[in-house]
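Notes follow once the structure below has been shown.
Numbering starts at 1 and runs along the sequence shown. Just so you know, ligand 1 is whichever comes first in the structure, and atom 1 is the first atom listed for that ligand.
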Amino acid sequence: MGGTFDPIHFGHLVAAEEALVQFNLDRVIFMPTGEPARKTHLDVTQAEDRYLMAVIATASHPDFEVSRMEIDRPGPTYTVDTLRALRNIHGKMADLYFITGADAVWEMLTWKDAEEFEDLCTFIAATRPGYDLDAARQEHADALARLRIEFIEVPALAISSTDIRQRVGERRPIRYLTPESVVAYIKKHRLYQEAY
Ligand code: NAP
């Protein structure tokens with residue numbers, strides 16, 4: 001489950017649960033991006049904060065874990081490096097799925113060493129309510145031809161990290177958009193105080 005998770009919210013958690021059940025997965029490993037390859041460090045909260053929020057949000061789920069792999073790897077985060085590492089750890093026979101947002105998935109052909117993706121994993125793209133999947137499929141026929149992509153509809157993805165950051169900056173409530181523990185963490189560490 002790859003994402004910046006700035007911050008993690010119920011949309012991500014519901015998407016992970018949906019993927020776990022629909023694809024009969026053994027577990028979901030949340031993988032907060034270290035240094036997002038396409039964002040500057042000014043755009044994102046410190047990796048350690050994003051990692052810790054993911055840990056506290058998922059702590060009670062028996063099949064969810066959080067990995068430090070991307071935040072501990074120096075330099076910009078490339079998904080292909082993560083997938084190669086997971087393939088080495090879990091072996092050739094493991095079925096690997098990379099779950100992320102549908103918008104991110106369409107850019108994949110432009111990511112580093114994208115030609116390796118087909119052999120490394122199946123992608124699970126989570127769509128938000130109102131997402132026009134038919135139009136997206138037509139627009140991105142090249143990606144569909146070259147990558148293994150499955151889609152899941154996640155109504156809870158009406159919640160977004162951008163909206164949560166905006167709300168905090170505007171002193172509006174975020175309770176019930178993300179777990180209580182994450183709400184408390186954001187408050188304690190004064191994250192997202194600047195208005196967006
Ligand atoms: P993003 O551009 O911040 O997010 C794109 C959209 O997808 C947003 O609407 C976002 O909503 C949603 N989203 C992101 N992660 C999600 C998840 N796990 N489940 C459901 N929705 C999700 O994308 P990003 O978070 O930076 O990147 C997504 C993944 O792609 C990360 O693992 C990143 O490392 C990888 N990536 C790799 C490369 C590369 O290898 N060159 C380049 C770019 C991205 P929220 O804001 O609400 O999460």
Check: From Arg146 CZ over to Phe117 CZ, what is the distance, rounded to the nearest 0.5 angstrom?
Finding: 11.0 Å

Note to self: I'd like to know whether Ile152 forms a side-chain contact (heavy atoms from CB on, under 4.5 Å) with Ile124, so could you lay out the CA-CA distance, the side-chain angles of the two residues, the decisive distance to 0.1 Å, and finally the verdict.
What the structure shows: CA-CA 7 Å; Ile152 50 173; Ile124 299 178; 3.8 Å; yes

Next item on the list: Begin with the C-alpha distance, continue with both residues' side-chain angles, and end with the deciding distance and a verdict on side-chain contact (heavy atoms from CB on, under 4.5 Å) for Gln193 and Arg171.
Entry: CA-CA 8 Å; Gln193 298 289 306; Arg171 313 287 181 266; 4.0 Å; yes

Notebook entry, point to check: Out of Pro32, Ala37, Gly101, whose heavy atom is nearest to atom 16 (C) of ligand 1?
Noted result: Gly101

Next item on the list: For atom 18 (N) of ligand 1, find the nearest protein heavy atom and state the residue, atom name and distance (0.1 Å precision).
Entry: Gly2 O, 3.0 Å

Item checked: Glu107 heavy atom under 4.0 Å from ligand 1 -> no

Note to self: Using 30° and 60° as the class boundaries, would you call the ring planes of Tyr97 and Phe23 parallel, tilted or perpendicular?
What the structure shows: tilted

Next item on the list: Would you tell me which option among Thr33, Ile152, Val105, Thr82 has the nearest heavy-atom contact to atom 31 (C) of ligand 1?
Entry: Thr33

Notebook entry, point to check: Which pair of non-hydrogen atoms, one from Glu116 and one from Arg84, has the smallest distance, and what is that distance?
Noted result: OE2-NH2, 2.7 Å

Notebook entry, point to check: What is the nearest protein non-hydrogen atom to atom 29 (C) of ligand 1, stated with its residue, atom name and distance?
Noted result: Thr100 OG1, 3.5 Å

Check: For atom 4 (O) of ligand 1, what is the nearest protein heavy atom, given as residue, atom name and distance?
Finding: Ala104 CB, 4.8 Å

Notebook entry, point to check: Does the Arg165 side chain pair with the main chain of Ser160, one donor and one acceptor, at a distance under 3.5 Å?
Noted result: no

Margin query: Taking 4.0 angstrom as the limit and counting only heavy atoms of Ser161, give me the atoms of ligand 1 inside it, by number and element.
Written below: 45 (P), 46 (O), 47 (O), 48 (O)

Check: What is the closest protein heavy atom to atom 2 (O) of ligand 1, and at what distance does it sit?
Finding: Lys39 NZ, 4.1 Å

Check: So between Phe5, Phe30, Trp106, Trp111, whose heavy atom ends up nearest atom 43 (C) of ligand 1?
Finding: Trp111

Margin query: Can you tell me which portion of Ser160 lies within the under-4.0 Å heavy-atom range of ligand 1? Options are side chain, backbone, both, or neither.
Written below: both

Note to self: Under 4.0 Å from a heavy atom of Phe98: which atoms of ligand 1 are those, numbered in the order shown and with their elements?
What the structure shows: 32 (O)

Notebook entry, point to check: Looking only at heavy atoms, which two atoms of Glu70 and Thr33 are closest? And how far apart?
Noted result: OE1-CA, 3.2 Å

Check: Going by atom types only, do Tyr185 and Asp49 share a side-chain donor-acceptor pair under 3.5 Å?
Finding: yes

Note to self: Between ligand 1 and Thr79, is the shortest N or O to N or O distance under 3.5 Å?
What the structure shows: yes

Notebook entry, point to check: Is it the case that Asp6 and Thr45 place a side-chain donor and acceptor less than 3.5 Å from each other?
Noted result: yes

Item checked: Atoms in ligand 1 flagged as close to His12, the criterion being non-hydrogen separation under 4.0 Å -> 16 (C), 17 (C), 19 (N), 20 (C), 45 (P), 47 (O), 48 (O)

Notebook entry, point to check: Do other residues, nucleotides or ligands put more than 12 heavy atoms under 6.0 Å from Lys187 NZ?
Noted result: no

Item checked: 4.0 Å heavy-atom contact, Met31 with ligand 1 -> no

Check: Using heavy atoms and a threshold below 4.0 Å, how should the contact between Tyr131 and ligand 1 be classified: side chain, backbone, both, or neither?
Finding: neither

Item checked: Taking atom 24 (P) of ligand 1 as the reference point, the nearest protein heavy atom with its distance -> Thr4 OG1, 3.3 Å

Note to self: Among all the protein's non-hydrogen atoms, which is closest to atom 19 (N) of ligand 1, and how far away is it?
What the structure shows: Met1 CE, 3.5 Å

Note to self: Looking only at protein heavy atoms, which one is nearest to atom 6 (C) of ligand 1, and what is the separation?
What the structure shows: Asp103 CB, 4.0 Å

Note to self: What I want to find out is whether Asp81 reaches Lys112 closely enough, with some N-O distance under 4.0 Å, to be called a salt bridge.
What the structure shows: yes

Margin query: Tell me whether Arg68 forms a cation-pi arrangement with Tyr51, defined as NZ or CZ under 6.0 Å from the six-membered ring centre and within 45 degrees of its axis.
Written below: yes

Note to self: Please list, in number order, the atoms of ligand 1 under 4.0 Å from a heavy atom of His9.
What the structure shows: 47 (O)

Check: Hey, is ligand 1 close enough to Gly3 that some N/O pair sits below 3.5 Å?
Finding: yes

Notebook entry, point to check: Are any of the N or O atoms of Arg128 closer than 3.5 Å to those of ligand 1?
Noted result: yes

Checklist line | More than 12 heavy atoms from other groups under 6.0 Å of CG on Asp142 | finding: yes

Next item on the list: Please check if a non-hydrogen protein atom sits closer than 4.0 Å to atom 48 (O) of ligand 1.
Entry: yes

